[in-house]
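The next block holds one structure in the form of structure tokens; read it before the comments.
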Amino acid sequence: MATIEHSAILHAPRERVFALLERVEDFVDYSDQIKAIEPLGGRRYRWHVHAVGMDWSFDVEVTDIKPPDVLAWESIDGVRNSGRYELFTVPEGTRVRLTVEYQIRNRLVERAVNKAARPLVNQVSRQILERVEARL
């Protein structure tokens, strides 16, 4: 599995940042690459993403919620991936660290995705956190 990390400082308390991040269905408003998020019941969601010139769908389940510190998920169908937001109090507000792991089974697609994934995840993460901060 490939691992990508991104972090940023948001000028707001952890509790306020976490309150927005835990509203998974709102992520569609935070990134241009996320086309739709369908609630499937409980802590499960179907994500529809357009990235690397392709449409991707995958089902995820939120696996760990510890307000206001951790929000984590893992795919249960589609593109194998998992991710984790960790929030830390810093003098400027909140440092948010995102860790994403993914695995693609098609070698040709995997090469293209691996080449584009790190800048793409950083771009998407930056866009998400900028839009979350704007909502704060």
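Values below: every heavy atom of this structure, side chains too, minus hydrogens, waters and symmetry copies.
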Hphob cluster co-occupancy, Trp56 + Ile76, side-chain heavy atoms under 4.5 angstrom:
no

Using the side chain to side chain contact (heavy atoms under 4.5 Å, CB included) criterion, which residues pair with Ser31? Sequence neighbours excluded.
Gln33, Ile34, Val124, Gln127, Ile128

At their closest point, which heavy atom of Glu133 faces which heavy atom of Ile9, and how far apart are they?
OE2-O, 4.4 Å

Out of curiosity, Phe18 CZ to Lys66 NZ, how far, rounded to the nearest 0.5 Å?
10.5 Å

Determine the interplanar angle of the Tyr85 and Trp73 rings, folded into 0 to 90°, and report it as parallel if under 30°, tilted if 30 to 60°, perpendicular if over 60°.
tilted

Please collect all salt bridge (charged side-chain N to carboxylate O under 4.0 Å, His left out) contacts where either partner lies in residues 6-21, sequence neighbours excluded, each pair once.
Arg14-Asp69

I'd like to know if Asp29 and Arg131 make a salt bridge, using a cut-off of under 4.0 Å between side-chain N and carboxylate O.
no

What pair of heavy atoms forms the shortest contact from Leu129 to Ala8, and how long is it?
CD1-CB, 3.7 Å

For Leu21 and Leu71, work out which heavy atoms get closest and say how close.
O-CD2, 3.2 Å

If we ignore hydrogens and angles and just use 3.5 Å, is the side chain of His11 paired with the main-chain N or O of Glu92 as donor and acceptor?
yes

Taking every non-hydrogen atom, the tightest pair across Glu22 and Ile65
OE1-CG2, 4.4 Å

Closest contact, heavy atoms only, Asn81 versus Val60:
OD1-CG1, 4.4 Å

Should Val17 and Leu136 count as side-chain neighbours, where that means a heavy-atom distance under 4.5 Å?
yes

Would you compute the distance between atom OG1 of Thr89 and atom CZ of Arg95 and round it to the nearest 0.5 angstrom?
11.0 Å

Could you tell me whether the side chain of Phe27 reaches within less than 4.5 Å of the side chain of Tyr45, counting heavy atoms only?
no

Once side chain to side chain contact (heavy atoms under 4.5 Å, CB included) is applied, do any residues pair with Leu40, and if so which ones, sequence neighbours excluded?
Arg44, Arg46, Asp59

Can you find a pair of side-chain heavy atoms, one from Arg135 and one from Asp26, that are under 4.5 Å apart?
yes

Under-4.0 Å salt bridge between Arg23 and Glu25:
no

Whether Thr94 side chain and Ala12 backbone form a donor-acceptor pair below 3.5 Å:
yes

Might you work through the side chain to side chain contact (heavy atoms under 4.5 Å, CB included) test for Val132 and Tyr30, ending with a clear yes or no?
CA-CA 7 Å; Val132 164; Tyr30 301 151; 3.6 Å; yes

Keeping the roles fixed (side chain from Glu61, backbone from Ser75), state whether a donor-acceptor pair exists under 3.5 Å.
no

Using the side-chain contact (heavy atoms from CB on, under 4.5 Å) rule, pick out the option among His6, Arg84, Glu86 that qualifies with Arg97.
Glu86

Shortest non-hydrogen separation from Leu87 to Pro68 and the atoms involved
CB-O, 3.4 Å

